[in-house]
Asks: 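Just dropping this structure here.
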Protein chains: 2
Amino acid sequence: MNEGVEWAVHSCLNLAWLGDERAVPAAKLAGFYELPAAYLNKQLQALARAGILTSTSGPRGGFRLARPPEKITLMDVVAAIEGEEEAFRCTEIRHRGGSDSGVRSKTPCEIHTSMRKAELAWRRELASQTIADIASSVEGHSSAAPERVRRWFDDTRT
Amino acid sequence: MNEGVEWAVHSCLNLAWLGDERAVPAAKLAGFYELPAAYLNKQLQALARAGILTSTSGPRGGFRLARPPEKITLMDVVAAIEGEEEAFRCTEIRHRGGSDSGVRSKTPCEIHTSMRKAELAWRRELASQTIADIASSVEGHSSAAPERVRRWFDDTRT
DNA sequence: GGTCCGGTACTCGGATATACGATGTCCGAGTGCTATGGG
DNA sequence: CCCATAGCACTCGGACATCGTATATCCGAGTACCGGACC
C-alpha cells in the first residue's frame, strides 16, 4: 500500500481540527510532519479530484475539507490515493493454454470470487470508519491534541 | 497485490486435484496455463518455504501439497507470496517534525489501529476459505474439471 | 542372473538482469493581495 | 480621502527525473534413474 495513504489521512485529520474557515497550503501541511511538500501536494491533488478536498489557488489559498469529517470515510481516502480497482487482479489464466476447456465459461473464476469476498470485508470495514471517528479517538487519548495542532498552524511562519 | 498469488492459488488447486501420489514439476504446472516456468518456480519455492508445498529434486521430482487441501487457507498462500507484514505500514510520521509533543506517547497511532482493523477483517475472511472449499465450488459449476486436469497432466509430454 | 558403479538427464534453488510503477522534484499558469498613482 | 490599476508573491497543477520492487531469466548443485560392466 502506498505511503501516501498515511500522509493523506493524517492531513485530513489536521484539516478537520483546523476547521474549514481558512485554506491550508500543502507546504504547511507538509511542514507539520517534515514531509516532501511537492509530493504531499500530489496526494492532496488526488484527494481534491476525488471530491474529498477543495483547493484554492493563489495567496491565502490551499486545501480544506470538502465536507464535514463525519462524511469522509477511510475508504474514500484510500480509494482516492490507491485507486478504485481491486488489489487482486484476476487475469483469467484459467483460459490460457491448452488447459482451457474451450468454452469461455460464464461461470465466474472461483478464486477471484473468494479474493473479492475478502476484499469486500476490508472495504466495508474501511467504509465504516470516518475521519471524525479517528479524530475523536485521538482526542480521547490526548484531549490537547486538536489545540496543539491549531496552535502550530497559527504560530509557525514556515 | 502480486500477480504470483493468482498463479500460486491456481497451482495449489491443480495439485489438490492431482493428489499427492506423484510430484509435479514447476515446468508442467506452468505449461498448464502457459506461464513463464522459471518465475512460477520462484513462487512455488516461496510456498515450499512456507510449508505449504514439499519439493523434491531430480527426475520424477517436483512439488506436491504438504498437507490436505482442507488445511490450506487462502491466507496461508497469500502470506507465503506477499509476506506477513501488513499492507499499511505506519511510519509514525506523527512523531516527526516540530509538531511532535515530545512525549513518545505510548498511545497507539489511531490511524494505524483503524487500518489494522480493516486488514484483520480481510485476513479473517481469507483464513476462512480453504483450497478444498474453492475446489469444491469449481466442481459444483463444472464437475468435469478435476478429471480434465488429471487427463491433461497425464497425457501431455511437455 | 544379480549387483555395483559411472554417466546422464532432470529438477529445484538461488544469483542475476530488466521493466514498470511508486517516489521525489521542478517549473508554468492562474489568482488574490498590495502598493502606488491619479482623481 | 477613495478608487483604479499594475506589479508581485503565493499556490496549485501537471510535466519531468530517480529509485525500488515486482517481474523475468539463467545457471549451478543435487539427485534419482538407466545402462553397462563385473562378480
Side-chain angles (χ1 to χ4, degrees), chain A residues 1-8 11 15 22-31 33-66 78 80-83 85 87-89 91 93 96 153 156-158, chain B residues 1-8 11 15 22-31 33-66 78 80-83 85 87-89 91 93 96 153 156-158:
Chain A
M1 170 163 298
N2 236 335
E3 190 172 11
V5 171
E6 186 184 7
W7 303 1
S11 295
L15 286 173
R22 56 189 158 178
V24 186
K28 206 156 190 178
L29 284 167
Y33 297 120
E34 289 179 353
L35 302 174
Y39 189 33
L40 176 64
N41 187 33
K42 202 188 186 75
Q43 318 290 351
L44 297 176
Q45 281 175 42
L47 294 182
R49 269 195 300 274
I52 296 171
L53 303 183
T54 58
S55 64
T56 317
S57 278
R60 304 289 295 168
F63 295 91
R64 71 192 76 191
L65 294 184
V78 171
I81 305 291
E82 291 276 291
E85 58 196 325
F88 179 86
R89 287 152 297 173
T91 61
I93 62 176
R96 296 227 287 263
F153 276 89
T156 314
R157 203 144 311 277
T158 45
Chain B
M1 169 164 300
N2 236 338
E3 189 171 12
V5 171
E6 187 184 6
W7 303 0
S11 295
L15 286 173
R22 57 191 156 177
V24 185
K28 207 156 191 178
L29 283 167
Y33 296 121
E34 289 180 352
L35 301 174
Y39 189 35
L40 176 64
N41 187 33
K42 200 188 185 77
Q43 318 292 348
L44 297 176
Q45 281 175 40
L47 295 182
R49 269 195 301 274
I52 297 172
L53 302 184
T54 59
S55 64
T56 318
S57 277
R60 305 286 298 167
F63 295 91
R64 70 191 79 190
L65 294 184
V78 170
I81 305 289
E82 291 276 291
E85 58 195 325
F88 178 86
R89 288 153 297 176
T91 60
I93 61 175
R96 297 227 287 263
F153 275 90
T156 314
R157 202 144 309 276
T158 47

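Values reported hereafter were calculated over all heavy atoms of this structure, with side chains retained and with hydrogens, waters and symmetry mates removed. To find a chain, count down the sequence lines: A is the first, B the second, and so on, and within it residues start at 1.
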Asks: Output the rounded distance in Å from CD1 (A:I81) to P (C:dG24).
Replies: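 After rounding, the reported distance stands at 14 Å.
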Asks: To the nearest Å, how far apart are B:L29 CG and C:dC10 C1'?
Replies: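 Atom CG in B:L29 sits about 16 Å away from atom C1' in C:dC10.
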Asks: Could you check B:I81, B:L40, B:L44 and say which one makes a side chain to side chain contact (heavy atoms under 4.5 Å, CB included) with B:W7?
Replies: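 So the option named by the test is B:L40.
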Asks: Walk along nucleotides 5-16 of chain D from 5' to 3' and tag each nucleotide B, S or - by protein heavy-atom contact under 4.0 Å, base first, then sugar-phosphate.
Replies: -----BBSBBB-
Asks: Between B:E6 (side chain) and A:T91 (backbone), is there a donor-acceptor pair under 3.5 Å?
Replies: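 Confirmed, B:E6 side chain pairs with A:T91 backbone.
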Asks: Rounding to an integer number of Å, can you tell me how far A:M1 CE sits from D:dT21 C1'?
Replies: 17 Å
Asks: Checking B:S55 against B:Q45: is there a side-chain donor and acceptor pair closer than 3.5 Å?
Replies: no
Asks: For A:E34 and C:dG24, what is the distance between atoms CD and C1' respectively, to the nearest whole Å?
Replies: 17 Å
Asks: How many whole angstroms separate atom CD of B:E3 from atom P of C:dG21?
Replies: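 So the CD-P distance, B:E3 to C:dG21, works out to 12 Å.
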Asks: Tell me if a side-chain donor or acceptor on A:R89 pairs with a main-chain N or O of B:M1 at a distance below 3.5 Å.
Replies: yes
Asks: Test your reading of the model: is there a side-chain donor-acceptor pair from B:R64 to the backbone of B:T56, 3.5 Å cut-off?
Replies: no
Asks: Nearest whole Å is fine: how far is D:dC19 C1' from A:Y39 OH?
Replies: 12 Å
Asks: State, with a plain yes or no, whether a side-chain heavy atom of A:L53 is found less than 4.5 Å away from one of A:F63.
Replies: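 Side chain of A:L53 against side chain of A:F63, heavy atoms only: contact under 4.5 Å found.
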